[in-house]
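First the structure, in the form of structure tokens, and then the observations on it.
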Amino acid sequence: MKVVTRFAPSPTGNLHIGTVRTALFSWLYARRHSGEFYLRIEDTDRQRSTPEASKLIIDSLDWLGLSHDGDLVYQSERTAIYRERARQLIEAGLAYHCTCSRERLDALRSEQMKQGLKPRYDHKCRELGLVPDQSTEYVIRFKNPLDGSVVVRDMVQGEVIYDNSQLDDLIIIRPDRTPTYNFSVVVDETDMGVTHVIRGDDHLNNTPRQINLFTAFGQNPPKFGHVPMVLSAEGRKLSKRDNVASVLEYRDMGYLPEAILNYLVRLGWSHGDKEIFSLDEMIELFDAEKIHRSPASLDPKKLIWINHQHMMELDAKDIRQRSRKIFDDLGVDIESSPVSVERVFEAQKSRSKTLCEFVERSRYFFVDEIEFDESSVQKHLTEKTRRPLQEFRSALTEISEWTQENIHTALVAVVETNGIKFGELAQPVRVALTGGTVSPGIDVTVELIGKSRTLARLDRALGLGE
RNA sequence: GUCCCCAUCGUCUAGUCAGGUUUAGGACACCAGCCUUUCACGCUGGCGACGGGGGUUCGAAUCCCCCUGGGGACGCCA
């Protein structure tokens with residue numbers, strides 16, 4: 001049978017990184033088994049759902065590359081279907097109208113809590129066979145089985161048994177005739193042919209109710225896999241209060257989507273000692289049975305490290321497209337620059353933990369006017385370094401072929417005739433060309449900046465001390 | 001309060017199901033050193049954990065019980 005999984009977020013805020021991990025697991029499971037991965041927007045709560053939040057979800061998944069199959073499903077467009085299914089349940093004697101007031105329910109609940117009982121509906125309307133007229137406010141409740149138990153065989157949690165006596169006659173249709181979560185989910189999983197439900201373990205307690213509902217519809221429930229939540233670095237539940245609320249913020253900070261996914265897949269799951277996974281490797285090696293049952297905390301430092309690993313493995317020919325927007329935002333035009341961004345990246349990737357870091361520390365390759373760091377100038381562009389710099393400049397003019405090797409030879413020659421250490425020439429040149437003391441190897445830096453710009457910058461540096 | 005889940009270095013984890021191969025392995029971070037023209041990368045080493053208590057057993061991180069601690073659920077939210 002074909003595997004069908006789904007991601008079913010409610011559009012009530014940002015897509016945070018914990019939710020993304022659930023989506024990733026679901027997506028991986030589908031891809032692993034050559035199945036389908038659907039996206040369903042759970043917007044039955046009209047008060048809290050917004051179109052902006054839906055867009056955020058779609059944009060986030062899009063950026064991450066967690067593509068979904070088939071059409072996007074909005075629950076809000078399926079209300080008629082839910083009503084019809086509820087009607088069928090009533091007809092079959094498996095659901096009923098209930099006219100109990102909220103006040104009565106609230107009082108009941110607090111009374112039960114006070115007595116140390118698990119709060120539940122007391123079945124007042126269960127066997128009344130009420131058929132309310134238009135003017136009466138009512139809800140529709142599901143007749144949960146009174147006895148026996150429900151066994152959840154969970155891919156992650158193992159076997160969890162719930163006693164039906166612990167469960168409730170849950171409301172499936174509200175007075176405004178919209179469906180509640182547990183009901184719409186069951187209808188949707190059935191209609192969409194979902195075979196594997198992978199979701200947060202905050203839903204584990206809902207599962208026996210849903211299984212009873214599946215049974216009422218004469219359906220075999222899908223397989224479930226309840227994955228633990230992700231905790232913040234402080235070990236608390238992830239919330240908007242944690243500074244990084246949305247995955248899109250990671251994009252803006254220059255993280256690679258594949259690195260985010262790699263980091264997330266290693267949270268609560270592992271494959272031996274392997275740390276770095278390409279997307280294809282994740283798909284090939286992912287195994288839902290090995291997901292941990294315990295929640296994991298986020299570690300920003302490790303995320304950075306993983307991002308760096310992926311940066312270093314990034315194909316240089318992708319860097320232009322990946323970093324263009326960041327360059328643009330900084331006002332750096334890489335398209336009309338004589339310097340190849342691909343080659344700059346090759347030279348910079350070992351020291352660029354994020355795309356933003358790469359862009360920021362590569363400015364001097366692309367702009368005409370570099371900015372000088374005052375203390376670097378003070379330290380390295382001195383009277384003492386003047387002569388070697390000048391000699392280096394003239395040596396460069398002699399170079400016929402502008403290659404790293406030839407530049408290196410020129411460097412060495414000047415170092416030797418002046419009897420100085422390599423760094424005593426390299427650092428002044430570096431400051432002259434980049435404005436600061438940090439750059440790739442000096443010969444590559446000189447080569448990439450190009451002959452005319454190098455000469456011009458050396459001239460400017462030489463004039464700086466006058 | 002009731003129900004459910006969880007528990008190995010600071011963090012992510014291997015080992016737990018099938019108890020001995022474990023002086024508990026790896027990774028991030030941190031510290032020291034090496035490499036070196038800067039910064040990185042890389043390399044070497046160090047620090048560092050089975051929450052507590054009872055059992056079972058020749059032997060327990062691994063099995064059982066209790067405690068503690070964390071999380072979740074108990075909604076006309078999802």
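Every value quoted in this text rests on a predicted model; they were computed, and no experiment measured them. A, B, ... follow the sequence lines: proteins, then strands. Residue 1 opens every chain.
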Among B/A78, B/U37, B/A40, the one nearest A/Tyr181 by side-chain distance: B/A78

Base B/C76 paired with A/Arg102 side chain (donor-acceptor, <3.5 Å): yes

Any A/His292 side-chain N or O less than 4.0 Å from OP1/OP2 of B/A14: yes

From B/G72, B/A73, B/C77, nucleotide with atom closest to A/Arg174 side chain: B/C77

Candidate nucleotides B/A29, B/A78, B/C76, ranked by approach to the side chain of A/Asp45 - the nearest: B/A78

Distance test, side-chain N/O of A/Thr44 to OP1/OP2 of B/A78, below 4.0 Å: yes

Any A/Arg199 side-chain N or O less than 4.0 Å from OP1/OP2 of B/A78: no

Minimum-distance pair of heavy atoms, taken over all atoms of A/Ala316 and A/Glu346: CB-OE2, 3.3 Å

Side chain A/Gln115 and base B/G1 donor-acceptor under 3.5 Å: no

B/G71 base / A/Asp201 side chain donor-acceptor hit below 3.5 Å: no

Side-chain donor-acceptor pair present, A/Ser76, A/Asp43, cut-off under 3.5 Å: yes

OP1 or OP2 of B/A14 under 4.0 Å from side-chain N/O of A/Ser270: yes

Strand partner of B/A73, provided both Watson-Crick or wobble distances fall under 3.5 Å: B/U2

Distance-only donor-acceptor check, side chains A/Asp168 and A/Asn144, under 3.5 Å: no

Interatomic distance, A/Tyr82 OH vs B/A78 P [rounded to whole Å]: 11 Å

Shortest side-chain distance from A/Lys353, nucleotide among B/A78, B/A40, B/C28: B/A40

